[in-house]
Amino acid sequence: MKKNFKGLTQDELTRFFEELGQKPYRCKQVLNWLYKKSAASFDEMTDLPADLREVLNRTAYISNLDLLQTQASSDGTLKFLFGLEDGESIESVLIPNVRGGNKFTLCISSQVGCALGCAFCATGRLGIRRSLRSYEIADQVTAVGRIVKSLSASPAGEGRKGLDPHKDDREISNIVFMGMGEPLNNFRNVVVALRIFTELMGFSKRKIAVSTAGVVPKIYELAEKAPEVNLAVSLNATTDEIRNKIMPVNRIYPLKDLMKACREYPLSPRRRITFEYVLFDGINDSEEDALRLIKLLRGIRSIVNLIPYNPSSPCLQNTLMLRTPSEKKILQFQSVLHKAGVIAIIRKSMGSDISAACGQLKAGYAVNSEQ
Ligand code: SAH
Ligand code: SF4
């Protein structure tokens, strides 16, 4: 049976080339083609001898994500639906950077669905179907990287916001694990993917963020296994009572433990932990909430991302009656934080017209509308 080249570890790859009687540098050459030049087949690797390419084609294959659909938002965001080898699917979202230019942030998925079942999240409503393999995580960046390069030449690129068609420097500058799934519940594969991004693809750790709903033991492990990668924590509430209701993971790892892990998270100079705070009308957006948030963050170098709740689907009946607060309330909340010296940025969700905004990803799966 042919081996999935991308599914092999570095050691297995080295052995694979040894067994073929090849010099070690061939292995490096192929990895360079795969991850630096985004080659999708051995035939594209033109500096390999033809007989080696032929052997590789016979004994191995390069798995690629199957691009099933691309949707373009009026704000320049693109959402990609990718099919996986076993018929499952995932979504990735490409967002033009605020400062324009030709740089993009790619929001990637780590799982098909999610086991944590947050009340406000469409992915959570799917439940967990499976975790992604490391190469399925990494391939989102390779596949979209190829698309980004070709953007302005394609109809999707014409007149796209923030895209300068005269420059050839289009690229993914940042990677965020904020798509489908809880990255820390797929820890091993996420760490391997992080190594692919930094060691093989050349991304700086500072340009990558892993977002967690608060799987506390794994936050400590992340600090050990992937130091200097940015940590984002989805806080979303300031009391256990409210957090238990909207984020069931809080019943296992309550706020006290979560904040302790954040306080102990090693940060290099000038780095901060990002706290995501989705605002829900009448639930977590009062002045008292803002004051409690200030208290929780004391002693942690932090930045708060205030995300107005995105309804995940108009027909969904939600028992908690979650609603987006008014603009005025959002600004008031931000102003309380600012007065206390807490940096808080209101994150207008990109791509909501194509269900690509935070919490709206469900990769075409039907979600249970009773929840
Ligand atoms: N599982 C990880 C990463 C994916 S979710 C986590 O929870 O952090 C990415 C972000 O989207 C989280 O901060 C989450 O709080 C936010 N989010 C989820 N559903 C949302 C919704 N309906 N509206 C706004 N933000 C949402
Ligand atoms: Fe999972 Fe994050 Fe959605 Fe919660 S918000 S259900 S942890 S993906």
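Just follow the structure's listing: the first ligand is 1, and inside any ligand the first atom is 1.
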Arg271 atom CZ: more than 12 heavy-atom contacts under 6.0 Å: yes
Option from Trp33, Phe42, Tyr61 for which ring-ring contact (aromatic ring centres under 6.0 Å, His included) with Phe5 holds: Phe42
Under 2.8 Å: N/O/S of Cys118 next to atom 3 (Fe) of ligand 2: no
Gly179 N/O to ligand 1 N/O under 3.5 Å: no
Whether Ser110 lies under 4.0 Å from ligand 1, heavy atom: no
For Leu116, the ligand 2 atoms whose distance to one of its heavy atoms is below 4.0 Å: 7 (S)
Residue portion contacting ligand 1 (non-hydrogen atoms closer than 4.0 Å) for Glu276: side chain
Minimum heavy-atom distance Ile343-Ser302, with the two atoms named: CD1-O, 4.4 Å
Subset of ligand 2 atoms that lie under 4.0 Å from at least one heavy atom of Gly124: 6 (S)
Atom 12 (C) of ligand 1 - nearest protein heavy atom and its distance: Ser234 OG, 3.1 Å
Nearest non-hydrogen protein atom, atom 3 (Fe) of ligand 2: Cys121 SG, 2.4 Å
ring-ring contact (aromatic ring centres under 6.0 Å, His included) between Tyr309 and Phe120, intermediate numbers included: CA-CA 8 Å; Tyr309 166 59; Phe120 45 84; 7.4 Å; no
Side-chain donor-acceptor pair present, Ser131, Asn189, cut-off under 3.5 Å: no
Geometric N/O contact Tyr309 with ligand 1, under 3.5 angstrom: no
Protein heavy-atom partner closest to atom 19 (N) of ligand 1 - residue, atom, separation in Å: Gly359 CA, 3.0 Å
Thr212 contact mode with ligand 1 (heavy-atom cut-off under 4.0 Å): backbone
Heavy atom of the protein closest to atom 1 (Fe) of ligand 2 (residue, atom name, distance): Cys114 SG, 2.3 Å
Tyr135 side chain vs Leu8 backbone, donor-acceptor pair below 3.5 Å: no
For Ala213, the ligand 2 atoms whose distance to one of its heavy atoms is below 4.0 Å: 7 (S)
Contact summary for Asn186 and Ser110, nearest pair of heavy atoms: ND2-O, 2.9 Å
Evaluation steps, salt bridge (charged side-chain N to carboxylate O under 4.0 Å, His left out), between Arg15 and Glu19: CA-CA 6 Å; Arg15 228 174 304 128; Glu19 280 164 18; 5.6 Å; no
Nearest-neighbour protein heavy atom for atom 11 (O) of ligand 1, which is reported as residue plus atom name and distance: Cys358 CB, 3.4 Å
Heavy-atom donor-acceptor pair, Gln334 side chain to Ala344 backbone, under 3.5 Å: yes
Carboxylate-amine/guanidinium proximity below 4.0 Å for Glu288 and Arg292: no
Protein contact to atom 2 (C) of ligand 1 [nearest heavy atom, distance to 0.1 Å]: Ser211 O, 3.3 Å
Protein heavy-atom partner closest to atom 8 (S) of ligand 2 - residue, atom, separation in Å: Gly181 O, 3.7 Å
Closest non-hydrogen atom pair, Leu94 against Pro96: O-CD, 4.0 Å
Asn310 contact mode with ligand 1 (heavy-atom cut-off under 4.0 Å): both
Neighbour count above 12 (heavy atom, 6.0 Å) for Lys2 NZ: yes
Numbered atoms and elements of ligand 1 in range of Phe177, under 4.0 angstrom, heavy atoms: 3 (C)
Whether Arg347 side chain and Ile307 backbone form a donor-acceptor pair below 3.5 Å: no
Distance filter under 4.0 Å to Ala213 heavy atoms, resulting ligand 1 atoms: 6 (C), 7 (O), 8 (O)
Met178-ligand 1 polar pair, N/O distance under 3.5 Å: no
Atoms of ligand 1, numbered as shown, that sit under 4.0 Å from any heavy atom of Ile307: 24 (C), 25 (N)
Closest contact, heavy atoms only, Asn230 versus Lys207: ND2-N, 4.3 Å
Heavy atom of the protein closest to atom 15 (O) of ligand 1 (residue, atom name, distance): Asn236 ND2, 3.2 Å
Atoms of ligand 1 close to Gly181 [distance to a heavy atom under 4.0 angstrom, numbered from 1]: 1 (N), 2 (C), 3 (C), 4 (C)
